[in-house]
Amino acid sequence: MAIRVLDRAVASLIAAGEVVERPASVAKELIENALDAGATRVAVEVKGGGTALLRVADNGCGIPEAEVPLAFQRHATSKIHVPEDLHEIRTLGFRGEALPSIAAVAEVTVLTRTPDETAGTYLSLACGRLLEQGHRGCPVGTIITVRNLFAEVPARAKFLRSQATEVGHISNLLTQYALAYPEVQFTLQVEGREVFRSPGSGELKDALTAVYGIDLVQSMLPVRSDAEDASEAGQSRPVKVTGFVSSPAVHRATRGQLSFFVNRRWVQNRMLVYATEEAYQGLLMSGRHPIGVLNVELSPSGVDVNIHPAKSEVKFLNERLVFAAVQRAVRATVLSKASVPTIMPRPAAAERQTVEQARMAVFRAGGWDGGALATRQPYREQDNTFDPSPRLPILRILGQISSTYVIAEGPDGMYLIDQHTAHERVIYDRILRQQMQQGLESQGLLEPLPVEVPLHQVRAIERALPELADLGFSVERFGERTYLVRAVPAVIGTGDVADTFLSIAESVSTPSSKEDRLTRLAAVLACHGAVRAGQTLSMDEMKALLRDLEATELPLTCPHGRPTMIHLSASQLEREFGRR
Ligand code: ADP
Ligand code: MG
């Protein structure tokens, strides 16, 4: 075929393919337009999974009558004018592509009025062509209705999922914007039924409650970093981080509940996820993820939003600075609120329980539900300063239970300390401290021990050899998948060398930075070096354990994030025994 320039209709369909992938992408563009128009109310209506009907009504500034047809022309925008504007984008839209793209693949009507017009402007289009234009009464703002999406584009329609899935995407989108714009009231109606409403009070906490429910929100912690804090010497681009993150006691199996906004634009960005998860280092069990909603504010010139068709990815000019700001802000928040989990029966049920039942609820097998039952004891409520190292209460040791838990009395009731996790924390801190100061003491084996590792982990071990040496290991490759271990860190002793080495191989087998590897290795060593459950301890050993735990930076959790102790308060005891 000879080369020809495509006609306008084909060209718009191709361009539309980039912007309008599914109903949720239409919703996203229309919501962004409403927000750019300064709306304080955005109502979204969906029928037939968004393909039969998708309507977004706002109370924003409206489009002047003369400009309405223009809004549907490609590259027609009121938001930027000259090339330099692209370096400093302050609006969500800027390409002038959304409305023409949507109109290319659906039937669209718009009804809009500006504050100084008396009548609204009505316009309808199908497959990009103008059908009707006229006047109709309407409130100030804009209502855009999109019908029969992709009806004429079967190739695209084929890729859509079930209506429920498409509605799921739209409602996820809406809740994200509700979190980014707490001052805007969002509503979502599906098949005529309201399924979501944000209060629009201006308080992020209220929006969060609408999205996640009051129980979860009460356990979330506010993040607020001052712009100055995050700026580096000589750097004139401060980064501000605000939002909410979960306390280490609340976590999820996926990253689905971590949302990020950059200058209030909802973005997908792996670096931001990583920075946030880094902040939980040593506080969350591996494989668990925090919940969070974070807005990163920086000068628009410090971020390029023009790198993705749907504008959902951004590129930072100084990634390192943003990473550090997020990591630091979140770390400060979670450290400030680390606390001892308290044993409590589930409140509503407890009211109706006999004492015996209540006790059973508390002591139920596995009933030490540190996660769900943990209560927060903020060190300083309503105050953004924090005590960087949560201290242990003064404890008097009473004895040991099941050769596994140390039982102690504190200023407010009873404490049970898990000897293994507590010792893990002690060793972990010791390893990292010594490694930084003088390197770890190593202990030679009488005979080098060959350890066979899974083949797919060999590369990771090779990469981790310098850190292993830093920690006091002496190992060398011996055959394709065998290593000879000649010396081990003195902290772990020469007992279970093969087992320890295999755990090490496992722990470094996912890609990680050098620093990350070191902390992971330290966690493995701590676990292997720590006193086991089932080991009887003398009074002196228990005292030494608590004294050492007290000296650690984060005495309340082990390096994997499990609690080192749980607390049954004096008032709780009174309640359990029916004294109150
Ligand atoms: P962009 O948002 O990139 O400018 P769009 O195609 O989404 O491009 O919209 C084109 C123009 O139409 C916008 O620049 C704006 O001036 C106007 N517009 C679109 N939607 C609205 C709305 N809801 N309220 C006011 N003006 C709107
Ligand atoms: Mg737009």
Side-chain angles (χ1 to χ4, degrees), residues 8 11-13 15-21 23-45 54-83 85-106 108-117 120-125 128 130 133 138-146 149 173-174 177 180-181 184-187 263-267 300 304-312 314:
R8 260 193 51 205
S12 340
L13 277 176
E18 296 197 332
V19 182
V20 188
E21 192 193 347
S25 9
V26 175
K28 175 173 186 285
E29 295 296 339
L30 298 181
I31 291 171
E32 290 190 347
N33 280 346
L35 294 169
D36 281 343
T40 56
R41 280 200 309 274
V42 178
V44 181
E45 212 183 308
L54 207 161
R55 176 178 291 140
V56 176
D58 69 57
N59 65 346
C61 64
I63 310 173
E65 179 177 3
E67 294 177 17
V68 178
L70 210 54
F72 287 89
Q73 277 181 30
R74 198 155 291 285
H75 308 304
T77 178
S78 56
K79 300 171 192 176
I80 61 170
H81 297 291
V82 291
D85 289 346
L86 270 177
H87 303 309
E88 213 156 309
I89 292 186
R90 293 172 189 277
T91 47
L92 295 168
F94 54 88
R95 294 197 185 123
E97 278 184 336
L99 292 185
S101 296
I102 296 166
V105 291
V108 177
T109 63
V110 54
L111 183 56
T112 182
R113 181 160 80 85
T114 63
D116 38 82
E117 290 169 337
T121 307
Y122 173 84
L123 193 85
S124 74
L125 307 95
L130 183 71
Q133 181 170 4
C138 78
V140 171
T142 303
I143 305 170
I144 295 194
T145 310
V146 178
L149 181 64
L173 172 92
L174 206 84
Y177 277 100
Y181 289 79
V184 177
Q185 181 182 72
F186 290 89
T187 55
N263 293 339
R264 307 225 282 176
R265 176 190 303 280
W266 181 33
V267 298
D304 188 354
V305 296
N306 193 18
I307 61 164
H308 185 263
K311 297 165 286 175
S312 59
V314 294

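Ligands are counted one by one from 1 in listed order, and the atoms in each one are counted from 1 as well.
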Could you list the residues that satisfy salt bridge (Lys or Arg N to Asp or Glu O under 4.0 Å) with E88, not counting sequence neighbours?
R90

Who passes salt bridge (Lys or Arg N to Asp or Glu O under 4.0 Å) against R265, sequence neighbours left out?
none

Please determine which of N59, I31, D58, L35 meets the side-chain contact (heavy atoms from CB on, under 4.5 Å) test together with V184.
L35

Donor-acceptor check, side chain of T112 to backbone of I63, threshold 3.5 angstrom: yes or no?
yes

Please check: side-chain N/O of E67 versus main-chain N/O of P64, any donor-acceptor pairing under 3.5 Å?
no

Would you say T77 has an N, O or S atom lying under 2.8 Å from the Mg ion (ligand 2)?
no

Quick note, salt bridge (charged side-chain N to carboxylate O under 4.0 Å, His left out) partners involving residues 30-42, not counting sequence neighbours, are K28-E32, E32-K311, D36-K79

Check each N or O atom of ligand 1 against all protein N or O atoms and list the pairs under 3.5 Å, with atom names and distances to 0.1 Å, one per line.
residue	atom	partner	partner atom	Å
ligand 1	2 (O)	N33	OD1	2.9
ligand 1	2 (O)	K79	NZ	2.7
ligand 1	3 (O)	F94	N	3.0
ligand 1	3 (O)	R95	N	3.0
ligand 1	3 (O)	G96	N	2.8
ligand 1	4 (O)	T77	OG1	2.6
ligand 1	6 (O)	A98	N	3.3
ligand 1	6 (O)	L99	N	2.9
ligand 1	7 (O)	N33	OD1	3.0
ligand 1	7 (O)	N33	ND2	2.8
ligand 1	8 (O)	G96	N	3.4
ligand 1	14 (O)	T77	OG1	3.4
ligand 1	14 (O)	S78	N	2.9
ligand 1	14 (O)	S78	OG	3.1
ligand 1	16 (O)	S78	OG	2.5
ligand 1	20 (N)	N33	ND2	3.3
ligand 1	23 (N)	D58	OD2	2.9
ligand 1	24 (N)	T142	OG1	3.3

